[in-house]
Amino acid sequence: MKKRLTALFIAFCTTVAAAGCALLPGGSSGENEESDFSAGRGESIRILSGSENRELEEVIADCADKAGVHIEIDYQGSVDIMMQLQSGAPDYDAVWPASSIWTSLGDTQHLVKHSQSVSLTPVVFGIRQSLAEELGFIGRDVSVNDILAAINSGKMKFCMTSATQSNSGASAYIGFLYALLGKQEGLTDADLQSEDLKARIREFLSGVERSSGSSDWLKDMFLASDYDAMVNYECLIIDANEQLIDEGKEPLYIVYPYDGLSIADSPLGYVDHDDDKKEKSFLAFQEALMTPESQSAIEATGRRITANGVSEENKDVFNSDWGIDTERILSPIQMPESGVLMNALNLYQTDFKKPSLNIYCLDFSGSMYGEGEGQLKDAMSQILVQENAKKNLLQASSGEVNIAILFNEGVITTLQAEDDSDEALVKLYEEIISQEPGGGTNIYLAASEAYRICMDYDLEDYTPAVILMTDGQSSDYSMEFERGLPEYGFIIPIFSITFGDADPEQLEGLAELTDGRVFDGTEDLTAAFRSVKGYN
């Protein structure tokens, strides 16, 4: 963390004047925005999609024109897609998750039809090339245990998406479990109770330096800083490498853990709401996506069309100097049956992953009185009351720390759960909702207090985050916060949630400075809090 502080500080000083522009990774576009992308004219088809499909927007627009349909895409995380399907996905005409597992888990009403895999991409490790060489990973088969040895030796840490919020994280995690068990299929509940497995998966996940709720944002975050490695889709690491090369930086070397490899099959399916016109338009769009011309354009983005190599015309995209082997037939693990998968995901969240250090900075200024106050308190109930959190796979992890800084123009009070038990978290929630709003707003004072509190913790043992919610504009003490950062010696991401008249420039500046992100809570504050919590 210390080595990134200076680079981030310099970058912030040169970009803060443009904070109102789209910042990466601190920009405010998120998984749960509506109508993230639209293209074409004609019958409207609204698709619920994983964020990795942002890279295909040019192809999608071309196919929409050819099919004579209007395509709208909302990007959400895998768990959100699953939950939308479980509720019947009434607002959507189609779903396009990264993997079929989320359709299988979510389509309990059997509404999805005409599902077809658009492309394939394996979930891999992208490791800085010089580090991969130091670890002896260049030009040879690498196992999950080889990677575990690098983690245990202190030579490598990595970034990955949350296994309970994003497909790339979930797929990688299941692959790790299989490899550590020494099997390729048939994961059982009994396997998950193995004490040896529990110890080894905790060791492995202790190497996670940063987490994310989105594969696409993970790539952007990685590019904005200097982490060792990331677990992500092969296609997104190819995209990252193209940007790294353009910037004169060393690329990532792609490692395919041979004993724990998973593949995202990108299924696009129609959600049947008894609308023949919609169905016909969907099929026209899907047919356009599956034409040889469109498939070649998709392959040109670094996605594979088959598991048996790539076409000659796109071979240069899959640069062998980056460790990409297009001749090898990919042999993925077999995903467990749905009950075992859900058990594994719950264990990841509560018992296996590195514990979170959550510091909530909650705005209780006078402008929050009434509706804002009510929405804030309801949102916190979805995070801290564990029977609610479990519905979104956001339960507290073992050893988790939860602290709430209630602020206006000053720090009103600092509250902390005694431990990670349900009772302690409910007590924290009850203390929060007993507070009444009043006074002005100073987000920078709250952020500084959060950083000061973190000095009391060994941050190597946690996935830390400051989660800041405000509905107003702060007195501008941003430079005081900036000047105070070097004394801390670390960077903790500040994830901000906008609400009411919050100033996006101020929040985007904090996000850029701290490797964080801004989420829009104006439409649904509870959903915004849920999204943020998926990032640590």
Side-chain angles (χ1 to χ4, degrees), residues 24 37 49-63 66 96 98-99 116-130 132-133 137-139 141-142 167-168 171-172 214-223 229-258 261-268 288-332:
L24 293 176
F37 172 77
S49 167
S51 65
E52 66 284 341
N53 287 327
R54 289 184 190 274
E55 312 296 324
L56 298 180
E57 287 179 352
E58 287 187 18
V59 178
I60 292 167
D62 183 58
C63 290
K66 289 177 179 176
W96 196 355
S99 171
Q116 193 167 356
S117 173
V118 175
S119 64
L120 303 171
T121 189
V123 179
V124 299
F125 272 83
I127 303 172
R128 282 190 297 106
Q129 195 147 21
S130 58
E133 189 169 0
F137 288 173
I138 303 289
D141 289 342
V142 177
N167 178 70
S168 64
S171 298
S214 159
S215 302
D216 198 54
W217 188 84
L218 183 77
K219 178 203 70 176
D220 292 334
M221 180 203 73
F222 190 93
L223 288 169
M230 68 170 160
V231 175
N232 214 326
Y233 301 116
E234 179 188 62
C235 61
L236 293 187
I237 292 180
I238 289 172
D239 183 66
N241 273 351
E242 289 171 349
Q243 294 183 56
L244 288 168
I245 294 296
D246 285 346
E247 295 169 7
K249 299 177 182 177
E250 71 169 323
L252 301 174
Y253 187 82
I254 295 178
V255 168
Y256 306 81
Y258 65 81
L261 184 68
S262 58
I263 294 179
D265 60 343
S266 188
L268 173 62
L289 272 178
M290 300 308 296
T291 62
E293 181 183 6
S294 296
Q295 288 284 285
S296 178
I298 290 171
E299 189 181 51
T301 68
R303 289 156 173 78
R304 303 187 187 217
I305 304 307
T306 74
N308 302 323
V310 299
S311 67
E312 195 64 36
E313 64 182 342
N314 288 319
K315 210 154 193 177
D316 289 347
V317 175
F318 300 83
N319 191 334
S320 60
D321 291 340
W322 299 340
I324 302 175
D325 184 357
T326 58
E327 301 303 317
R328 173 193 285 178
I329 296 176
L330 301 176
S331 300

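When atom types are taken as modelled, the side chain of Asn232 and the backbone of Ser215 share a donor-acceptor pair closer than 3.5 angstrom.
Leu252 places a side-chain heavy atom less than 4.5 Å from the side chain of Met230. Between Ile245 and Glu250, every side-chain heavy-atom pair lies at or beyond the 4.5 Å cut-off. The shortest distance between side-chain heavy atoms of Val118 and Trp96 falls below 4.5 Å. Residues Ser51 and Trp217 form no side-chain contact, since every pair of their non-hydrogen atoms from C-beta on lies 4.5 Å or further apart. Between Glu133 and Tyr253 the shortest side-chain heavy-atom distance does not fall below 4.5 Å. Within the 4.5 Å cutoff, the side chain of Val317 has no heavy atoms near those of the Glu299 side chain. At least one side-chain heavy atom of Ser266 sits under 4.5 Å from a side-chain heavy atom of Asn53.
Among all heavy-atom pairs drawn from Arg303 and Phe318, the shortest one is O-CZ, 3.7 Å. Residues Ile298 and Ser119 share a closest heavy-atom pair of CG2-CB, 3.9 Å. Contact record, Ser168 with Tyr233: N-OH, 3.2 Å, taken as the closest heavy-atom pair. Closest heavy-atom contact between Val255 and Pro257: O-CD, 3.4 Å. Looking at every heavy atom in both residues, Ala98 comes nearest to Asn167 through CB-ND2, 3.5 Å. Residue Ser296 comes nearest to Glu313 through the heavy atom pair OG-OE2, 2.7 Å, listed as atom of the first residue, atom of the second, then distance.
Considering Glu52, Glu242, Glu55 in turn, Glu55 is the only one that fulfils the salt bridge (Lys or Arg N to Asp or Glu O under 4.0 Å) rule with Lys219. Between Ile237 and the choices Val124, Val231, Ile127, Ile324, the side-chain contact (heavy atoms from CB on, under 4.5 Å) rule is met once, by Val124.
Of the inter-residue distances, the one linking Leu289 atom CG with Leu268 atom CG reads 6.5 Å to the nearest 0.5 angstrom. Taken to the nearest 0.5 Å, the CG atom of Leu223 stands 6.5 Å off from the CD atom of Glu247. To the nearest 0.5 Å, atoms OG1 (Thr306) and CD (Gln295) are separated by 10.0 Å. Of the inter-residue distances, the one linking Ser294 atom OG with Asp62 atom CG reads 6.0 Å to the nearest 0.5 angstrom. Atoms CD and OG1, from Glu293 and Thr291 in turn, are 6.0 Å apart once rounded to the nearest 0.5 Å. Atoms CZ and CG, on Arg54 and Asp216 in that order, are 6.0 Å from each other to the nearest 0.5 Å.
If you check the side chains of Tyr256 and Glu234, you find a donor sitting under 3.5 Å from an acceptor.
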